[in-house]
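Let me begin by presenting the structure, written as structure tokens, before commenting on it.
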Amino acid sequence: MFTNFTGERIDVGDATLRVRRHGDGPPLLLLHGYPETHAMWHAVAPELADRFSVVCPDLRGYGDSRGPDDPVTEDYSNRSMAGDMTALMAELGHDTFRLVGHDRGARVGYRLTLDAPERVERFVALDIIPTLETFEAMDYEYAESMYHWLFLAQAYPLPETLIGADPTFYLEHMMERWSASMDGFTDEALAEYRRCFEQPSVVRASCADYRAGFHVDTAHDRESRAAGDKIECPMLALWGAGSGTVSFDPLEVWERWASDVRGRGLDCGHFLPEEAPEETLAALETFL
């Protein structure tokens, strides 16, 4: 995976990020989601690198990136992780950039775009709506399909202990649950996800991420909504129309948060760049 990409570790303050990058065009930041790593971009990043300077980090605490050893909730807020990304791109010499995020990475992405609008030229969100909107839409049926939001947000060390009993089982349970088919995942990528998720520090960081979502990120979203803040750069929303978990129109939701947004569903589950790489790549290249 990632032929011709360089790999390095970059200190951004209270986090050290594992980063792969390649290409010479306009800077493009790709952010992964839960429970994966930057490896989720392996099918599309090399193609994008023909046009862009592609930067693929692991979020703090995920994969081979590291955050604070004894995290508090605020350490894993979308705002904290967005700060990592602005620091990372500045370190690489990119004052402005385009941003594509999937799942948790898209949450970091929209928070970064709201907090530092001068930094993001174009934004793509894959298979999410804003965190506050997710909780507000969570009736009992939606909660059943999204139970992990509530489970992972429980106080330390409950979810860490239960997941730690068999982290590979939990990883694969979530991926099977959210994908239309596991056929899109390569053996090499799955091996990387298993290797990383078997690290107790990764399990703890990912739980801290969801706790921040429940407590801190919703507060930040409320503040942004009350202030009338909107994503002002052009935005594209794509989602997996075959995941069976969305009972609303994501585009209608994003129109409340962005001034210039378009989007559509793809015939796949949650993991668009792996389940539908050609369609995802075509949509990204057209928009970016």
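Bear in mind the structure is a predicted one, so any value in this text is a computation, not a measurement.
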Practice problem: Please determine, by modelled atom types, if W41 and E274 share a side-chain donor-acceptor pair under 3.5 angstrom. | Solution: no
Quiz item: Nearest heavy-atom pair of W254 and A237: which atoms, and what distance?
Solution: CD1-CB, 3.7 Å
Practice problem: State whether the side chain of D221 and the backbone N or O of L132 hold a donor-acceptor pair below 3.5 Å, judged by distance alone. | Solution: yes
Exercise. Examine R98 relative to F123 and say whether NZ or CZ is less than 6.0 Å from the centre of the six-membered ring and inside a 45° cone about the ring axis.
Key: no
Quiz item: Has the side chain of T280 got a donor or acceptor atom that lies under 3.5 Å from a matching backbone atom of L272?
Solution: yes
Self-check item: Shared hydrophobic cluster, V72 / L152 (ILVMFWY, side-chain heavy atoms < 4.5 Å)
Solution: no
Exercise. Decide yes or no for L281 and E285: does some side-chain heavy atom of the first lie under 4.5 Å from some side-chain heavy atom of the second?
Key: yes
Quiz item: Hey, mind stepping through R264 and D249 against salt bridge (charged side-chain N to carboxylate O under 4.0 Å, His left out) and telling me if it holds?
Solution: CA-CA 9 Å; R264 62 187 177 91; D249 183 350; over 6 Å; no
Practice problem: Would you sort out whether R79 and E74 count as a salt bridge (charged side-chain N to carboxylate O under 4.0 Å, His left out), showing the intermediate values? | Solution: CA-CA 9 Å; R79 179 164 286 164; E74 289 77 7; over 6 Å; no
Quiz item: Considering only heavy atoms from C-beta outward, does the side chain of D84 approach that of L17 to under 4.5 Å?
Solution: yes
Practice problem: Please report the closest heavy-atom contact between A137 and Y142, naming both atoms and the distance. | Solution: O-CD2, 3.4 Å
Self-check item: Heavy-atom pair of closest approach, residues E232 and S259
Solution: OE1-OG, 2.9 Å
Quiz prompt | Trace of the side chain to side chain contact (heavy atoms under 4.5 Å, CB included) decision for E47 with D50 | solution = CA-CA 6 Å; E47 299 292 334; D50 288 340; 4.0 Å; yes
Quiz item: Between atom CZ of R60 and atom CG of D75, what is the distance when rounded to the nearest 0.5 Å?
Solution: 6.0 Å
Quiz prompt | Aromatic contact, F214 with F135 (centres under 6.0 Å) | solution = yes
Self-check item: Whether R9 side chain and D64 backbone form a donor-acceptor pair below 3.5 Å
Solution: yes
Practice problem: Would you indicate whether the side-chain heavy atoms of T113 and C233 approach each other to under 4.5 Å? | Solution: yes
Quiz prompt | Interatomic spacing from SG in C56 to CG in L30 - rounded to 0.5 Å | solution = 4.5 Å
Quiz item: Is there a side-chain contact between V100 and L28 (heavy atoms, below 4.5 Å)?
Solution: yes
Exercise. Taking the side chain as every heavy atom from C-beta outward, state whether M235 and R122 have any atom pair closer than 4.5 Å.
Key: no
Quiz prompt | Test of ring centre spacing under 6.0 Å for Y170 and H173 | solution = yes
Exercise. Using a cut-off of 6.0 Å, state whether more than 12 heavy atoms not belonging to E91 lie near its atom CD.
Key: no
Quiz prompt | Gap between atom CD of E160 and atom CD of Q154 - 0.5 Å precision | solution = 10.5 Å
Quiz item: Roughly how far apart are M182 CE and M175 CE, rounded to 0.5 Å?
Solution: 5.0 Å
Quiz item: Do T73 side-chain atoms and R211 backbone N/O form a donor-acceptor pair below 3.5 Å?
Solution: no
Exercise. Mind running side chain to side chain contact (heavy atoms under 4.5 Å, CB included) on L48 and L284 for me, showing each step along the way?
Key: CA-CA 9 Å; L48 290 168; L284 294 181; 4.2 Å; yes
Quiz prompt | Joint cluster assignment, L171 & Y147, ILVMFWY side-chain distance < 4.5 Å | solution = yes
Quiz item: In Å and rounded to the nearest 0.5 Å, what is the NE2 to CG distance from H102 to L238?
Solution: 10.5 Å
Quiz item: How about Y193 and F185: are their ring centres within less than 6.0 Å of each other?
Solution: no
Quiz item: For the side chain to side chain donor-acceptor pair (under 3.5 Å) test, which of R119, E118, E121 pairs with T96?
Solution: E121
Self-check item: Neighbour count above 12 (heavy atom, 6.0 Å) for D267 CG
Solution: no
Quiz item: What's the verdict on side chain to side chain contact (heavy atoms under 4.5 Å, CB included) for L92 and I10, showing C-alpha distance, side-chain angles and the deciding distance?
Solution: CA-CA 9 Å; L92 296 176; I10 298 178; 3.7 Å; yes
Quiz item: What's the verdict on salt bridge (charged side-chain N to carboxylate O under 4.0 Å, His left out) for R262 and D260, showing C-alpha distance, side-chain angles and the deciding distance?
Solution: CA-CA 7 Å; R262 68 222 67 178; D260 177 8; 2.7 Å; yes
Self-check item: Exercise: do S181 and E275 side chains pair donor with acceptor under 3.5 Å
Solution: no
Quiz item: Counting only heavy atoms not in E278, do more than 12 fall under 6.0 Å of its CD?
Solution: no
Quiz item: Are the aromatic ring centres of W178 and H148 under 6.0 angstrom apart?
Solution: yes
Quiz item: Transitively linked via ILVMFWY side-chain contacts under 4.5 Å: M146 with I128?
Solution: yes
Quiz item: Any side-chain heavy atom of S53 sitting closer than 4.5 Å to one from R21?
Solution: no
Quiz prompt | Derivation and outcome, salt bridge (charged side-chain N to carboxylate O under 4.0 Å, His left out), residues R18 and E192 | solution = CA-CA 14 Å; R18 180 197 187 190; E192 179 70 358; 2.9 Å; yes
Quiz item: Which heavy atom of L31 sits nearest a heavy atom of P57, and at what distance?
Solution: CD2-CG, 3.7 Å
Exercise. May I ask you to check whether H220 and N78 show a side-chain donor-acceptor distance below 3.5 Å?
Key: no
Quiz item: What's the verdict on ring-ring contact (aromatic ring centres under 6.0 Å, His included) for Y34 and W149, showing C-alpha distance, side-chain angles and the deciding distance?
Solution: CA-CA 11 Å; Y34 178 91; W149 279 58; over 10 Å; no
Quiz prompt | Heavy-atom side-chain contact between T186 and H42 under 4.5 Å | solution = yes
Practice problem: Please name the pair of heavy atoms, one in P273 and one in A43, separated by the smallest distance, quoted to 0.1 Å. | Solution: O-CB, 3.9 Å
Quiz item: Can you find a side-chain donor-acceptor pair between H22 and N4 that sits under 3.5 Å?
Solution: no
Quiz item: Would you say the ring centroid of Y62 lies under 6.0 angstrom from that of Y76?
Solution: no
Quiz item: Minimum heavy-atom separation for D103 to H270, with atom names?
Solution: OD1-NE2, 2.9 Å
Quiz item: Rounded to the nearest 0.5 Å, what separation is found between the CG atom of L190 and the CZ atom of F197?
Solution: 13.5 Å
Quiz prompt | Donor-acceptor pair between R111 and S224 side chains, under 3.5 angstrom | solution = yes
Quiz item: Among D217, D209, T134, which one satisfies side-chain contact (heavy atoms from CB on, under 4.5 Å) with R107?
Solution: T134
Quiz item: Are L29 and H94 side-chain neighbours, meaning at least one heavy-atom pair lies under 4.5 Å?
Solution: no
Quiz item: For L114, does its backbone N or O pair with a side-chain atom of D229 as donor and acceptor, under 3.5 Å?
Solution: no
Quiz item: Among E188, E172, E36, whose salt bridge (charged side-chain N to carboxylate O under 4.0 Å, His left out) with R194 holds?
Solution: E172
Practice problem: List the steps, then state whether side chain to side chain contact (heavy atoms under 4.5 Å, CB included) holds for W239 with L266. | Solution: CA-CA 6 Å; W239 59 90; L266 303 185; over 6 Å; no
